[in-house]
> 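I have a structure here, written as structure tokens, and I will follow up with some questions on it.
So you know, we letter chains A, B, ... as the sequences are listed, proteins then strands, and number each from 1. Side chains are part of it too, since the values below use all heavy atoms of this structure and drop only hydrogens, waters and symmetry mates. Here the structure is a predicted model, which means the values were calculated and not measured.
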Number of protein chains: 2
Amino acid sequence: MKEKQFKHKQAWVKTFFHARGFKCTPQRLAVLSVLKNSPKHLSISEIHSRVREFLPKVGLATIYRTLETLEELGLVVKVHLEDGCHSYTVVSREHGHPMVCVRCNRVFEFRECPIDRMSKRLSRKTGFAIETHFLQFLGKCQDCKR
Amino acid sequence: MKEKQFKHKQAWVKTFFHARGFKCTPQRLAVLSVLKNSPKHLSISEIHSRVREFLPKVGLATIYRTLETLEELGLVVKVHLEDGCHSYTVVSREHGHPMVCVRCNRVFEFRECPIDRMSKRLSRKTGFAIETHFLQFLGKCQDCKR
DNA sequence: AATCCAATTGAGAATTTTTTTCAATTGTAA
DNA sequence: TTACAATTGAAAAAAATTCTCAATTGGATT
């Protein structure tokens, strides 16, 4: 069942890559799959070692390059934490915002963006032409808040 | 006039440091002053070289340590950009959110937080106990939008 | 003003992270 | 199948960050 889902997603991603002029490589699929199957955000080296379980000879540089590509394509985002922003998570939708549990590190997605609605108003008010925004919530998930 | 302002702020900061059990050192004052006097966000090495204009023998490690301290004290924040988050800017108020001009790098502060108001509602809606949030705007400032 | 002590610093080494280079490999369009 | 540009692996290089430790210093106490 999980396999089936994976295949299905692979097919979708393949089209997605091609439509944007990128090749669909096993390395890219693996990084994406690792992130999709992790409820928690993952650091570069965590991603690297998990990808290596499937593709043992993937180099670290490839992980860097792949994450850059996937981020550019809007498939993954950096998670910004107190001590920097070196972790990644998938985003299933445009303009969803990650809610990160500081206890278990799981990432949930908040789908309605409260900023979008007021973005124009903010621009008018401030004279600043807002192009994008970065919004992320930190807190405790249902399980962790006890 | 600029001097006077600086002196005034120094006095305030001194109290601020002492109240939290930190020493008020020339290095800390210099980093803070450099950031306060820069309309743009600054990278670690930019901060380092500007601080060196006043205190020529400050080491890079001190800049790292100082920024960590100032961030902990809520006096400065990291600016998160497309390519990472390695720049800093002062924040004049709690819960102001930076609006960063992608063209001139200047940072303006948006003082009303649209999230605060809805934070409780979001928590109720999602079951996620939101503790903090990170919000930042990217766009073009009045001067740069032409 | 002098003393003392813990906090802080400077200098450089060590470590970690990220980028670059380049030959070999590999998707995929034709 | 073939050809070619994109991608990769491996290792080196560069950059960023942290660590160590002796020396210094801010400021509380006298």
Side-chain angles (χ1 to χ4, degrees), chain A residues 10-34 41-49 51-73 75-76 78-88, chain B residues 10-34 41-49 51-73 75-76 78-88:
Chain A
Q10 262 189 320
W12 186 83
V13 173
K14 191 165 185 171
T15 311
F16 186 88
F17 279 135
H18 291 170
R20 280 143 241 257
F22 288 91
K23 287 186 179 177
C24 184
T25 67
Q27 292 87 346
R28 284 171 180 168
L29 289 174
V31 169
L32 207 45
S33 163
V34 159
H41 54 82
L42 300 174
S43 70
I44 302 249
S45 71
E46 282 170 331
I47 294 167
H48 186 211
S49 63
V51 164
R52 274 194 186 238
E53 291 172 17
F54 302 100
L55 304 172
K57 46 177 84 156
V58 173
L60 189 51
T62 297
I63 305 294
Y64 276 98
R65 292 184 284 223
T66 301
L67 286 169
E68 195 183 343
T69 302
L70 296 178
E71 196 178 15
E72 198 181 312
L73 291 173
L75 297 173
V76 310
K78 283 200 194 82
V79 172
H80 302 243
L81 303 168
E82 311 265 313
D83 58 337
C85 40
H86 307 287
S87 286
Y88 287 83
Chain B
Q10 261 188 320
W12 186 83
V13 173
K14 191 165 187 172
T15 311
F16 185 87
F17 279 134
H18 291 172
R20 280 142 239 259
F22 288 91
K23 286 187 180 178
C24 183
T25 68
Q27 292 87 344
R28 284 170 180 168
L29 289 174
V31 170
L32 207 45
S33 163
V34 159
H41 55 82
L42 300 174
S43 69
I44 301 248
S45 71
E46 283 170 331
I47 294 167
H48 186 210
S49 62
V51 165
R52 276 196 185 234
E53 291 172 17
F54 301 100
L55 303 171
K57 46 177 85 156
V58 172
L60 189 51
T62 298
I63 304 295
Y64 277 97
R65 292 184 284 224
T66 301
L67 286 169
E68 196 183 344
T69 303
L70 296 179
E71 196 177 15
E72 197 182 314
L73 290 173
L75 296 174
V76 310
K78 283 201 193 80
V79 173
H80 302 243
L81 303 168
E82 312 264 313
D83 58 337
C85 41
H86 307 287
S87 286
Y88 287 83

> Could you check how far OH of B:Tyr88 sits from P of D:dT17, rounded to whole Å?
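Whole-Å distance recorded here is 8 Å.
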
> Could you tell me whether A:Arg28 contacts a base, only the sugar-phosphate backbone, or nothing, with contacts defined as non-hydrogen atoms closer than 4.0 Å?
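Counting heavy atoms under 4.0 Å across all strands, the contact made by A:Arg28 is with sugar-phosphate only.
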
> Could you go through A:Phe17 and A:Arg28, starting from their C-alpha distance and side-chain angles, then the distance that decides it, and tell me whether this counts as side-chain contact (heavy atoms from CB on, under 4.5 Å)?
CA-CA 10 Å; A:Phe17 279 135; A:Arg28 284 171 180 168; 4.0 Å; yes

> Base, sugar-phosphate, or nothing for A:Lys23, non-hydrogen atoms under 4.0 angstrom?
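If one applies the 4.0 Å heavy-atom cut-off, A:Lys23 turns out to touch a base.
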
> OP1 or OP2 of D:dG9 less than 4.0 angstrom from a side-chain nitrogen or oxygen of A:Thr62, does that happen here?
yes

> Where the side chain of B:His86 is defined as all heavy atoms beyond and including C-beta, which of C:dT19, C:dT9, D:dT17 is the nearest nucleotide?
D:dT17

> Quick check on DNA chain C: between A:Ala61 and A:Ser45, whose nearest nucleotide comes earlier from the 5' end?
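Between the two, 5'-proximity favours A:Ser45.
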
> Between B:Val34 and B:Phe54, does the side-chain contact (heavy atoms from CB on, under 4.5 Å) criterion hold? Intermediate values first, please.
CA-CA 10 Å; B:Val34 159; B:Phe54 301 100; 4.3 Å; yes

> Expressed as a whole number of angstroms, how long is the span from B:Phe22:CZ to D:dA28:P?
15 Å

> Has B:Gln27 got a side-chain N or O lying under 4.0 Å from the OP1 or OP2 atom of C:dG10?
yes

> Between C:dT8, D:dG27, D:dG9, which one does the side chain of B:Lys14 approach most closely?
D:dG27

> Does any N or O in the side chain of A:Arg52 come within less than 3.5 Å of the main-chain N or O of A:Val58, such that one atom is a donor and the other an acceptor?
yes

> Can you tell which of D:dG9, D:dT7, C:dA11 lies closest to the side chain of B:Arg65?
C:dA11

> Which is it for A:Thr69 and A:Leu73 under the side-chain contact (heavy atoms from CB on, under 4.5 Å) test, yes or no, and what are the steps along the way?
CA-CA 6 Å; A:Thr69 302; A:Leu73 291 173; 4.1 Å; yes

> Given D:dT8, C:dT8, C:dT17, which nucleotide is nearest the side-chain atoms of A:Tyr64?
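Nearest to the side-chain atoms of A:Tyr64, counting from C-beta on, is C:dT17.
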
> Within the 4.0 Å heavy-atom criterion, would you say B:Pro26 contacts the bases, only the backbone, or no part of the nucleic acid?
sugar-phosphate

> Just how far, in rounded Å, is P of C:dT9 from CG of B:Leu67?
11 Å

> Please tell me which of the listed nucleotides, D:dG26, D:dG9, C:dT18, lies nearest to the side chain of A:Leu60?
C:dT18

> Report yes if a side-chain nitrogen or oxygen of B:His18 is closer than 4.0 Å to either non-bridging phosphate oxygen (OP1 or OP2) of D:dG26; otherwise report no.
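No, because none of the side-chain N or O atoms of B:His18 sits under 4.0 Å from OP1 or OP2 of D:dG26.
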
> Using a cut-off of less than 4.0 Å, is there contact between a side-chain N or O of B:Thr25 and OP1 or OP2 of D:dT25?
no

> Please report the distance, rounded to the nearest Å, between CG in A:Leu29 and C1' in C:dT26.
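So the CG-C1' distance, A:Leu29 to C:dT26, works out to 14 Å.
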
> Roughly, in whole Å, what's the span from CD1 in B:Ile63 to C1' in D:dA16?
14 Å

> Separation of A:His48 atom NE2 from C:dT17 atom P, in whole Å?
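Whole-Å distance recorded here is 13 Å.
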
> Determine whether A:Leu42 and A:Ser87 satisfy the following criterion, side-chain contact (heavy atoms from CB on, under 4.5 Å), listing intermediate values before the conclusion.
CA-CA 5 Å; A:Leu42 300 174; A:Ser87 286; over 6 Å; no

> How many whole angstroms separate atom CG of B:Asp83 from atom P of C:dT18?
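Rounding to the nearest Å, CG of B:Asp83 and P of C:dT18 are 12 Å apart.
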
> Tell me, please, whether A:Phe16 has A:Arg20 positioned over its six-membered ring: NZ or CZ under 6.0 Å from the ring centre and within 45 degrees of its axis?
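Yes, A:Arg20 sits over the ring of A:Phe16.
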
> What is the distance, rounded to the nearest whole Å, between atom CD1 of A:Ile47 and atom P of C:dT17?
13 Å

